[in-house]
2 protein chains.
Amino acid sequence: MDDWLKDSDEVGPSWLTVDLAIFTLRDDQLMVLLVERGLDPFRGMPAMPGGYVQKKENLRDGALRELAEEAGIDGSQLHLEQLGTYADPGRDPRGRVVTVAYLALGPDLPIPTGGTDAARAFWAPAARLGDGTLTLAFDHQTILTEALEEVRRKIEYTAAATAFCGDTFTLTDLRTVYQVIWGQELDPSNFRRKILNTTGFVQPTGDQRLPPTGRPAALYRRGQAWLLNPPVLRATTSGQRG
Amino acid sequence: MDDWLKDSDEVGPSWLTVDLAIFTLRDDQLMVLLVERGLDPFRGMPAMPGGYVQKKENLRDGALRELAEEAGIDGSQLHLEQLGTYADPGRDPRGRVVTVAYLALGPDLPIPTGGTDAARAFWAPAARLGDGTLTLAFDHQTILTEALEEVRRKIEYTAAATAFCGDTFTLTDLRTVYQVIWGQELDPSNFRRKILNTTGFVQPTGDQRLPPTGRPAALYRRGQAWLLNPPVLRATTSGQRG
DNA sequence: TACAGTTATGGTTGCCATGACCATAAGTGT
DNA sequence: ACACTTATGGTCATGGCAACCATAACTGTA
């Protein structure tokens, strides 16, 4: 069967990798997971966690395996989604390496332990992706910048924001997710009304949680809906929406 | 440099292809472009147009080249966007073939001429993707079904609907796009108000077009906006939105 | 010319989601 | 008892929206 796949002047083999854009909330900041590369090329430089997809593995399984190997994170709990594929001929000095970028969102995750290929893994503030203080291997700067914008959009139209919360959460927890990611304050009362009117977004558990100070807050868990109707739209500078 | 990319028990080379989900509007129907495969595997079976990405080519250029080769379509006019990547180990009997699916939207395109690899190319109603009357090569049934759902969503939140229209179009032309793709009637008057209130969606040209009968309609061209604010949301069966 | 038929455009009304804002509930510590 | 803090609930004016009606501007026909 392999004789159908012939090398030629114009077409040749390529190597397949997955890279992970892993975001979480820590200390009221949006953080992205980076590893320090342990091997050439770009040895010692920060990069997205990732690696080769194995012969008998599909993309999602490969992403989950790399998540565990390089970052020590059990991905079965978090939201995993394909972002895009990057295959420019010059993106990897080793030759044609095609990478499929995955987006992973999770609640405040344990500080990862360094893995085999990665010298060490660490959280970096997502804000540093935009301010030029970060130099990443390969085209990972581009990929992560696109990933960040995708996260901002995603929480408008889907229930992705709940992926940043634990199993149960208060509406203030959820509101904090939006505030941190969008960088703008939201009115607690209006936010509450909006969320509760969006069918299937959250389900009350019946329990409460006591904050350090103040009235206890009702706990919720994720609802069955993923696409939000109506969506939770960002405030627009221009036109009013209602 | 190639010595960094070693074959091993677990990791091996793969072949990179692009496949195209090309949609257009013909005779008030949403149509998808298919080719009859001229080579094994799946010779004679309908499939998405596509083929191998060349060594020194990026994904987008490869998609545009295949668009021209297999379908005789000049892609410089239409909207092209990456959809997703499919790489399951069993998806191609030849071995590990990774395909990047692209979504292409265009106005009523010329009937394509058969290309080199494809015996012939033809338009099929998109409705047939769902009713089981179509058997496609590889996992193309899955890919196209996901592509169709993406189109339906895309025209809600972006100006993608204008990609189905010509260079200039009337608001009725644009409304027809939504009606056909969503399969529901829209009130002309309300549609007009919504579109014109969405900043940057369309620009008046100042010209008019005479329909076969009835009042002349003002012509518009695409505006500069891509993300719509507010979006053009589908009517919901459940809750009212305003 | 008068008229019906057709399509584009414009206006009215009632409903409801929204943002701004205020009030109350239910905890904490002093 | 009181201040303080946070969660929850309500009011009100604005404006988007669906449903619907009215008018404009063209065609063809009597």
Side-chain angles (χ1 to χ4, degrees), chain A residues 28 156-157 165 168-179 182 184-220 225 228-242, chain B residues 28 156-157 165 168-179 182 184-221 228-242:
Chain A
D28 284 355
E156 285 194 278
Y157 302 114
C165 300
T168 66
F169 49 88
T170 67
L171 291 182
T172 299
D173 292 340
L174 189 62
R175 183 166 47 88
T176 303
V177 172
Y178 282 93
Q179 293 182 152
W182 285 345
Q184 61 184 223
E185 296 283 307
L186 298 173
D187 182 90
S189 171
N190 293 336
F191 181 80
R192 171 193 185 75
R193 187 183 43 195
K194 203 166 185 172
I195 300 302
L196 296 182
N197 281 342
T198 299
T199 45
F201 197 168
V202 296
Q203 288 181 324
T205 66
D207 292 332
Q208 293 190 329
R209 183 204 290 164
L210 263 74
T213 168
R215 176 171 172 175
L219 283 170
Y220 297 82
L228 299 185
N229 209 319
V232 184
L233 297 175
R234 275 177 274 194
T236 56
T237 52
S238 56
Q240 290 280 83
R241 207 181 11 259
Chain B
D28 283 354
E156 284 194 279
Y157 302 114
C165 300
T168 67
F169 49 88
T170 68
L171 291 183
T172 298
D173 292 339
L174 189 61
R175 182 164 49 87
T176 303
V177 173
Y178 281 93
Q179 292 183 153
W182 285 346
Q184 60 184 224
E185 297 282 307
L186 299 174
D187 182 271
S189 172
N190 292 336
F191 181 79
R192 171 193 186 72
R193 177 163 40 86
K194 204 166 183 170
I195 299 303
L196 296 183
N197 282 340
T198 299
T199 44
F201 197 169
V202 297
Q203 287 180 325
T205 66
D207 292 334
Q208 292 190 331
R209 182 205 290 165
L210 264 75
T213 169
R215 176 172 171 175
L219 284 170
Y220 297 82
R221 62 168 51 90
L228 299 185
N229 207 319
V232 185
L233 297 175
R234 276 177 272 194
T236 56
T237 51
S238 58
Q240 290 279 84
R241 204 179 14 257

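Every chain is numbered from 1, with letters handed out A, B, ... down the list of sequences.
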How many whole angstroms separate atom [atom1] of [X] from atom [atom2] of [N]?
| X | N | atom1 | atom2 | answer |
| --- | --- | --- | --- | --- |
| B/D187 | C/dG10 | CG | P | 14 Å |
| B/Q179 | C/dT7 | CD | P | 12 Å |
| B/R175 | D/dA18 | CZ | P | 14 Å |
| B/L233 | C/dA17 | CG | C1' | 13 Å |
| A/E185 | C/dA20 | CD | P | 12 Å |
| B/L219 | C/dT7 | CG | P | 17 Å |
| A/N229 | D/dC17 | CG | P | 14 Å |
| B/R215 | D/dA24 | CZ | C1' | 4 Å |

Is it the case that the base of D/dA19 and the side chain of B/N190 share a donor-acceptor contact (distance under 3.5 Å, atom types as modelled)?
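Such a pair exists between side chain and base.
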
inquiry  = Could you check whether the side chain of B/R193 and the base of C/dG11 have a donor-acceptor pair of N or O atoms closer than 3.5 Å, going by distance alone?
reply    =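 Side chain to base: no pair present.
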
Exercise. Check each residue of residues 203-214 of chain B for a non-hydrogen atom within less than 4.0 Å of any atom in DNA chain C, then write out the ones that pass by number, or none.
Key: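 Residues of residues 203-214 of chain B under 4.0 Å from DNA chain C: B/T213, B/G214.
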
Worksheet item: Pairs in or reaching into residues 199-220 of chain B: which pass ring-ring contact (aromatic ring centres under 6.0 Å, His included), with residues at least two apart or in two chains?
Response: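 Those involving residues 199-220 of chain B do not exist here.
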
Practice item. Apply ring pair (Phe, Tyr, Trp, His ring centres under 6.0 Å) to A/Y178 and list each qualifying residue two or more places apart in sequence or on a separate chain. Key: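 By the ring pair (Phe, Tyr, Trp, His ring centres under 6.0 Å) rule, A/Y178 matches A/W182, A/F191.
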
| task | Identify, with sequence neighbours excluded, every residue that meets salt bridge (Lys or Arg N to Asp or Glu O under 4.0 Å) alongside A/R209. | result |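 Listed in chain order: A/D173.
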
- Task: Describe the nucleic acid contact of B/T170 in one word from base, sugar-phosphate, nothing, applying a heavy-atom distance below 4.0 Å.
- Result: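 No contact.
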
Problem set entry | Close side-chain approach of B/T176 to B/D28, heavy-atom, < 4.5 Å |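 Yes; the side chains approach each other to less than 4.5 Å.
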
For B/Q179, side chain to side chain donor-acceptor pair (under 3.5 Å) partners two or more places apart: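 B/Q179 satisfies side chain to side chain donor-acceptor pair (under 3.5 Å) with B/R175 once adjacent residues are dropped.
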
Self-check item: Counterpart residues, side-chain contact (heavy atoms from CB on, under 4.5 Å), relative to A/Q208 (two or more places apart)
Solution: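 Partners of A/Q208 by the side-chain contact (heavy atoms from CB on, under 4.5 Å) criterion, ordered by chain and then number, come out as A/P216.
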
Is the distance from OP1 or OP2 of C/dA8 to the nearest side-chain N or O of B/R192 less than 4.0 Å?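 Answer no for this pair, as no side-chain N or O of B/R192 is under 4.0 Å from OP1 or OP2.
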
Donor-acceptor pair, distance only, cut-off 3.5 Å: does the side chain of B/T205 make one with the backbone of B/L219?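 Looks like yes, one N/O pair under 3.5 Å.
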
ask   = Between D/dC17, C/dT9, D/dT8, which one does the side chain of B/A217 approach most closely?
value =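 Taking heavy atoms from C-beta onward, the closest nucleotide is C/dT9.
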
